[in-house]
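Everything on this sheet refers to the single structure shown next.
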Amino acid sequence: MSGYKVGIIGTGFGARVHAPMMKVHDGFEVVALASVRGNTEAAKTLSGIHNVYTNWKKILDHESLDLLVVASAVFAHKEMVEEAYSRGIHVLCEKPMALTHNETTDMIEARDQAGKLGFINHEFRFLPARTEVKKMIEAGKLGNIMHIRYEYTHPAYQPLTSKKRGWLGQKEDGGGLLNALGSHMIDSLHWWTDSSFKALNAHLMTHIPEFKDENGKVEHRTADDAFHVIGTLKNNTTVTLDLVSAARKAQHGKRLEIYGDEGTLVMLDDAQLLFAKEDQAFEAIELNSLAVPETLPSAAAPYYNGLKPLLDALYETLESGDQHPYLASFENGQTTQKVLDAIRRSDREGRQVTL
């Protein structure tokens, strides 16, 4: 394997997860990180990479890169992606792709002008349970899919009430759980069904709107920490999406139910898959998980079963020039962004939005 030289912008998820994952993959060599907020020492410790820039543009000025991973705050994605393309560098961008649908259009134009590749880091597509859902739907095991119920309980009451959220709590910066987790849910729905939303009603909530620190300083949060969406896909499948994060406890963090006219599929916590053919009893579907390398830091280990096959697919794509069918393209990111924009519009205007 030839190692593609990689630069990573972002010293949060980029340092904790992207860098260690790429270090254990023979197809990639992380040559440098860039911090947006200047926390370089912490980034060095988390990532094991000691070449860390304090200005993200300098990583592009001083390093010869094949691939840039954009793992920064959402409001900065557009500028960073366009700058990478102006230097002739492939891009792997964290989700969601941008702040608005218009920004994604500019990013795609920049990619096309550069003649380079661009992908969205939807690593959850590659989890064994989710790939099996895709295969079963494609094989027609469920028949015609009538309804999908997708629920996510993220038990984050303690962190929401005990520490600052920073940009993650600010709507104007791209914060909120709709962007952070809803984008994954929407992308998977589109990918599984080979369809997309055509109409929806939505409501966004902020259950924990402020946090007061020990000095009495108040952080006011404008971004959502919960959402509820009722919609219809272009293939006429009806859908409900529901997420709450101000929960103390959850029996199942994630629960997916897919109802077809020939079978029912239930996925629990991305780890258990149950299938009932017609009116028969549910049976467990065997799933194969990858063995996590002992050298991988504990912060990155939970992402291995998704990111390892994603990196394999990315390497194969860079080598061949042919996009792996499971990778999320910029066009996929743009379609998801259109839905995110529609959800916010529906919440703001209190009505159904047609896409």
Side-chain angles (χ1 to χ4, degrees), residues 9-14 34-39 55-57 69-84 91 93-110 120-122 152 154 156 159-187 197 200-213 217-229 241 243-246 330 333-351 353 355:
I9 301 177
T11 49
F13 193 79
S35 172
V36 178
R37 301 184 182 276
N39 50 339
N55 182 321
W56 67 265
K57 288 187 178 180
V69 176
V70 176
S72 63
V74 180
F75 66 84
H77 285 185
K78 178 178 181 290
E79 181 184 8
M80 292 173 177
V81 167
E82 290 179 339
E83 189 68 27
V91 174
C93 183
E94 266 298 333
K95 51 72 205 169
M97 187 171 171
L99 285 175
T100 66
H101 181 267
N102 287 340
E103 287 192 351
T104 66
T105 298
D106 293 341
M107 294 159 77
I108 289 173
E109 288 179 358
I120 307 300
N121 185 44
H122 279 300
Y152 198 151
H154 186 51
L160 282 172
T161 56
S162 63
K163 57 184 180 182
K164 292 181 178 179
R165 294 281 290 158
W167 73 267
L168 290 166
Q170 304 308 312
K171 177 174 60 177
E172 58 273 20
D173 291 338
L177 272 293
L178 177 64
N179 271 351
L181 298 177
S183 58
H184 274 306
M185 297 169 76
I186 293 164
D187 174 76
F197 278 90
L200 58 82
N201 282 283
H203 184 42
L204 300 172
M205 294 80 74
T206 307
H207 289 134
I208 312 293
E210 64 180 36
F211 163 72
K212 183 183 291 187
D213 66 18
K217 187 176 181 180
V218 178
E219 177 188 68
H220 297 283
R221 296 162 179 169
T222 59
D224 61 277
D225 58 28
F227 59 81
H228 183 67
V229 180
L241 295 178
L243 181 142
V244 61
S245 62
F330 270 24
Q334 183 178 60
T335 300
T336 295
Q337 190 69 53
K338 190 175 182 180
V339 177
L340 297 174
D341 289 0
I343 289 172
R344 295 189 180 95
R345 184 179 178 186
S346 175
D347 174 70
R348 185 172 62 250
E349 298 180 2
R351 66 176 182 87
V353 171
L355 287 84

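Note that the structure is a prediction, hence the values are computed from the model and not measured. One is the number of the first residue; the rest follow in order along the sequence.
Two residues are said to be in side-chain contact when any heavy atoms from C-beta on lie closer than 4.5 Å; T335 and F197 fail this criterion. With a 4.5 Å cut-off on side-chain heavy atoms, S183 and L178 do not count as touching. Contact check for W56 versus E83: side-chain heavy atoms found under the 4.5 Å cut-off. Using a 4.5 Å cut-off on side-chain heavy atoms (C-beta onward), E94 and F13 make contact. Counting heavy atoms from C-beta on, the side chains of F211 and R221 come closer than 4.5 Å. Contact of the D224 side chain with the M205 side chain is not registered, since no non-hydrogen atoms from C-beta on lie closer than 4.5 Å. Within the 4.5 Å cutoff, side-chain heavy atoms of M97 are placed close to those of M107. H154 is listed as a side-chain neighbour of L181, based on a closest heavy-atom distance under 4.5 Å.
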Set out, in order, the CA-CA distance, both residues' side-chain angles and the distance that settles side-chain contact (heavy atoms from CB on, under 4.5 Å) for D106 and E103, then state yes or no. CA-CA 5 Å; D106 293 341; E103 287 192 351; 5.6 Å; no
Step-by-step side-chain contact (heavy atoms from CB on, under 4.5 Å) determination, L160 to S245: CA-CA 8 Å; L160 282 172; S245 62; 3.6 Å; yes
Does V339 form a side-chain contact (heavy atoms from CB on, under 4.5 Å) with L200? I'd like the steps, not just the answer. CA-CA 9 Å; V339 177; L200 58 82; 4.0 Å; yes
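Q337 places no side-chain N or O within donor-acceptor distance of the main-chain N or O of G333, the cut-off being under 3.5 Å. Remark: side-chain polar atoms of D347 are paired, donor with acceptor, to backbone N or O of L204 under 3.5 angstrom. Of the possible donor and acceptor atoms, one in the side chain of H77 sits under 3.5 Å from a partner among the backbone N and O of S72. Of the possible donor and acceptor atoms, none in the side chain of N179 sits under 3.5 Å from a partner among the backbone N and O of P96. No donor-acceptor distance shorter than 3.5 angstrom exists from the side chain of Q170 to the backbone of A223, with no hydrogens or angles considered. Between the side chain of D225 and the main chain of A246, no donor-acceptor pair closer than 3.5 Å is present. Put simply, the side chain of N55 gets close to the backbone of K57: a donor and an acceptor are under 3.5 Å apart. Side-chain atoms of K95 come within 3.5 Å of backbone N or O of A180 as a donor-acceptor pair. No donor-acceptor distance shorter than 3.5 angstrom exists from the side chain of S346 to the backbone of V353, with no hydrogens or angles considered.
The closest side-chain donor-acceptor pair between Q334 and T105 falls under 3.5 angstrom. With no hydrogens or angles considered, no side-chain donor-acceptor pair links H101 and D341 at under 3.5 Å.
Taking CZ from R165 and CD from E219, the interatomic distance works out to 8.5 Å, rounded to the nearest 0.5 Å. The CG atom of L243 sits 6.0 Å away from atom CE of M185, with the distance rounded to the nearest 0.5 Å. A distance of 11.5 Å separates CG of N201 from CD of E349, quoted to the nearest 0.5 Å. The NE2 atom of H184 sits 8.0 Å away from atom OH of Y152, with the distance rounded to the nearest 0.5 Å. The line from CD1 of I343 to NZ of K338 is 13.5 Å long, rounded to the nearest 0.5 Å.
Closest approach of V91 to F330, counting heavy atoms only: CG1-CZ, 4.2 Å. For the pair V74 and A98, the tightest heavy-atom approach, listed with the atom from each and the gap, is CG1-O, 3.5 Å.
Salt-bridge check for K164 with E210: failed, with every basic side-chain N at 4.0 Å or more from each acidic carboxylate O.
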